[in-house]
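Structure record follows, encoded as structure tokens.
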Protein chains: 2
Amino acid sequence: MSISKPSIPKGTRDFGPTEMARRNYILETIKDTFRLFGFQQLETPAMENLTTLTGKYGDEGDQLLFKILNSGDFLKQVTVEDFAQGASAMLPKVSEKGLRYDLTVPFARFVVMNRNELVFPFKRFQIQPVWRADRPQRGRYREFYQCDADVVGTDSLVCEAEILLMIKRVFTAFGLTDYTIKVNNRKILTGLAEVIGVPGKEQELCVAIDKLDKIGWEKVKEELLNRGFSGEAAEKLAPMVARQPDGNAATVVFFSELMAGSEIGTKGVSELVEVFELLNTLGGDDSFIQFDPMLARGLSYYTGAIFEVKVNNVQIGSVSGGGRYDNLTGVFGLPDVSGVGFSFGVDRIYDVLNELDLFQDLSQSPVRLMIAHFGEEEMRYGLRILSKLRNAGISSEIYPEQAKIKKQFAYADRKHIPYAIIVGSEEMKSGKITFKNLKTGNQETLDFDQVLARLA
Amino acid sequence: MSISKPSIPKGTRDFGPTEMARRNYILETIKDTFRLFGFQQLETPAMENLTTLTGKYGDEGDQLLFKILNSGDFLKQVTVEDFAQGASAMLPKVSEKGLRYDLTVPFARFVVMNRNELVFPFKRFQIQPVWRADRPQRGRYREFYQCDADVVGTDSLVCEAEILLMIKRVFTAFGLTDYTIKVNNRKILTGLAEVIGVPGKEQELCVAIDKLDKIGWEKVKEELLNRGFSGEAAEKLAPMVARQPDGNAATVVFFSELMAGSEIGTKGVSELVEVFELLNTLGGDDSFIQFDPMLARGLSYYTGAIFEVKVNNVQIGSVSGGGRYDNLTGVFGLPDVSGVGFSFGVDRIYDVLNELDLFQDLSQSPVRLMIAHFGEEEMRYGLRILSKLRNAGISSEIYPEQAKIKKQFAYADRKHIPYAIIVGSEEMKSGKITFKNLKTGNQETLDFDQVLARLA
């Protein structure tokens, strides 16, 4: 064993006690809402067969999959010719497993494998890390958590309305008040392609207008022309792009009229209207929702409603998003399963709450109290008090060694423990407890029951 | 995209809703106890540099590490000569990362990297999956959770006593009453080697007697002779092996006398005695603890107390174990950090609770109620009730489609949802709620507040 200076792989992170407390707070809040709405938890393995993963995320995605080297002699199937052909030719012979790239494909795989046992509509949530061999940069990691909820096996728009409510509920719990859920429907984008005279080209249209926020209309227009759109088609799009948000009702009216000539576009608008109505019936106000007909979302598998959530006045991208798909499981041999899902971006929510200083209630330690002591005998006396505190459910600890009282308090201070009990010969004689508030410095002499009352 | 028949890698598992509810119950119970005792959570990345992992688990362990193929052109550093030399020569050039094999090495790596920021004694717990390329078999998986708690930076025996209390508390919470915590001290084994005349050979002694339970004394004796122990040494060991448990006090007396000639052995016994005393001071009875001088535990890094927990009358191996070590972080350049830790075997605890039928309280769905309806309008009426239920914190759902009432109830039944509300035209007219207990079939007509009372 040689001594190595330790480090962790780039793009990965350790989460110490403070980060974990905050991350747990985020995840528990989200889980509470998922459960309240009847979603059940699923976990899938970190490793999937490469046959499951490959080809599901485009060529770029395939490149970004972390592949696991076959165990044992990984070269046993490899010939000199394979080696001469290079890495991509050799890959299938040295690796048959990869790390989960998202939670959607493993979920689809699970649904297909368990289709006979599952109860449909199947409402599942899943919170696990995923891995991508992306170039690490600020806010982009090679290991990060995804936090998904999906309903499959129904095309009921109640699910869309419930997703909007769940987002609202989670954000309210976080104390977030100024955010926008942008909603649209892929069918409207399909209709738009028809209306501007490029029927069937909605995918190219989506990819281009997905960049509106980032690169602006002039650049998007350029891209459309490069992708073979006519100048006329692009010009027809211009007024819709330029349109300022003027309320969902007005936008609905505008696009109803615009889509009059497109059957699918009209269906898209009416689905959206129904989602608004259902939301209203469910008691949700739609003040935080904005119908944005230019919202596209890149993923090609969406076929109905799409949504994306941004917190206003912070420079952080979308913190949640999702949509409806009609054929997620088709690639695994189970066609025609409609579903709708969404995802919370845990890392971004963390950054938002941090920036807006909404973590304040978590600064306190989960440990409420430390017992400090002036010697061996005092420590043993303290152990008895400790045992009674824990039996009363108080998270507490004793400084486990003989040390100067100053050192013991420094420990409590650095762990942000709010209270201390101090055991000296005086306390052992009197049976009274010296109880100290470490924030205020206030010190009292109490009975055990009074200590419990102070900690309640 | 070709259609592939989906499967998961051998030795891995999906955890569906029922398994997840049970696993969460196990993990939450353990976490509660860890927190009550002042431990804080840590998470480390799934991937570690191979320089961190290699050489820490013996040659066999190195073989069982899952290695990650370098991203991009993984052959770019590989020459024809490397290839000709075979897999193990080529490995360092195609892989620089591996999957976490346990939680102990990443923890040691974390402590060393953060030694200047951490507050010592540092009490951390960590619950994450680990991966081993072992041959899968019943009860042995390639991905499984470990659940560890450690205190580093103190040699106080209070920590050992607290670990025994934590184990007891967790088992009590699970409803487990018939279990045994075997404890020993590595120093006693070192002393034993001295006493039987093979000083310095305690490692070989440990490896051999670690197998006592599995292969019996005759085979262990054979192994000792093969390892170069004299027949005389083996014979000296025989009466201790044959010794029947006759209470901790008697065993302490027996071994105190036996160790009289060994300084380290005597220290081992006195440490053990102090742990028993501290446990007693902390209010823990020691009826579930058995001092077993033949307990060895394989891992070579233990230097003090060791323990191992078995549930009696079930055919499942140890469900928890741990011990004290004096130089865990030495391999990363930080010597002389004493610590003590232990681990719960989540998969085995799952099997034990399952076998003893102690999961019974979890058979119920977290979803308390489903709303069934006789039509479109009734569903919308039901949505309003649903919204009120959720605002009252009741986990509930509505069947999201129009379907025969029988199909809706079948859904509730398969999800083990205990209650239903049925909305028909009658209910809409009267404003009363038809509330059904799906287990008993009992049906009542109630006001909303009465429904809440039934669900309380």
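Throughout, protein chains are lettered first and strands after them, A, B, ... in sequence-line order, and every chain is numbered starting at 1.
For T18(B), no part lies near chain A; criterion is any non-hydrogen pair under 4.5 Å. Contacts between E162(B) and chain A at a heavy-atom distance below 4.5 Å involve the side chain alone, from C-beta outward. When heavy atoms are compared at a cutoff of 4.5 Å, F120(B) approaches chain A solely by way of its backbone atoms N, CA, C and O. Contacts between I394(B) and chain A at a heavy-atom distance below 4.5 Å involve the backbone alone (N, CA, C, O). Both the backbone and the side chain of V78(B) come within contact range of chain A, with heavy atoms under 4.5 Å apart.
Between chain A and the options R169(B), Q402(B), R384(B), E96(B), the largest number of non-hydrogen pairs under 4.5 Å is found for R384(B). In terms of heavy-atom pairs under 4.5 angstrom with chain A, the leader among G283(B), P17(B), S95(B) is P17(B). Of the listed residues (L36(B), D155(B), L75(B), N24(B)), the greatest number of heavy-atom pairs within a distance under 4.5 Å of chain A belongs to L36(B).
When side chains are defined from C-beta on, K67(B) does not count as touching I68(A), because their heavy atoms never get closer than 4.5 Å. Annotation: side chain of V367(B) is not in contact with side chain of K123(A) (no heavy-atom distance under 4.5 Å). Here the side chains of P366(B) and F34(A) are not in contact, with every heavy-atom distance at 4.5 Å or above. The closest side-chain heavy-atom distance from P121(A) to Y399(B) is below 4.5 Å.
The aromatic rings of F83(B) and F83(A) lie parallel to each other, with less than 30° between the two planes, well short of the 60° mark.
Distance check, rounded to the nearest 0.5 Å: CD1 of I398(B) to CZ of F37(A) gives 12.0 Å.
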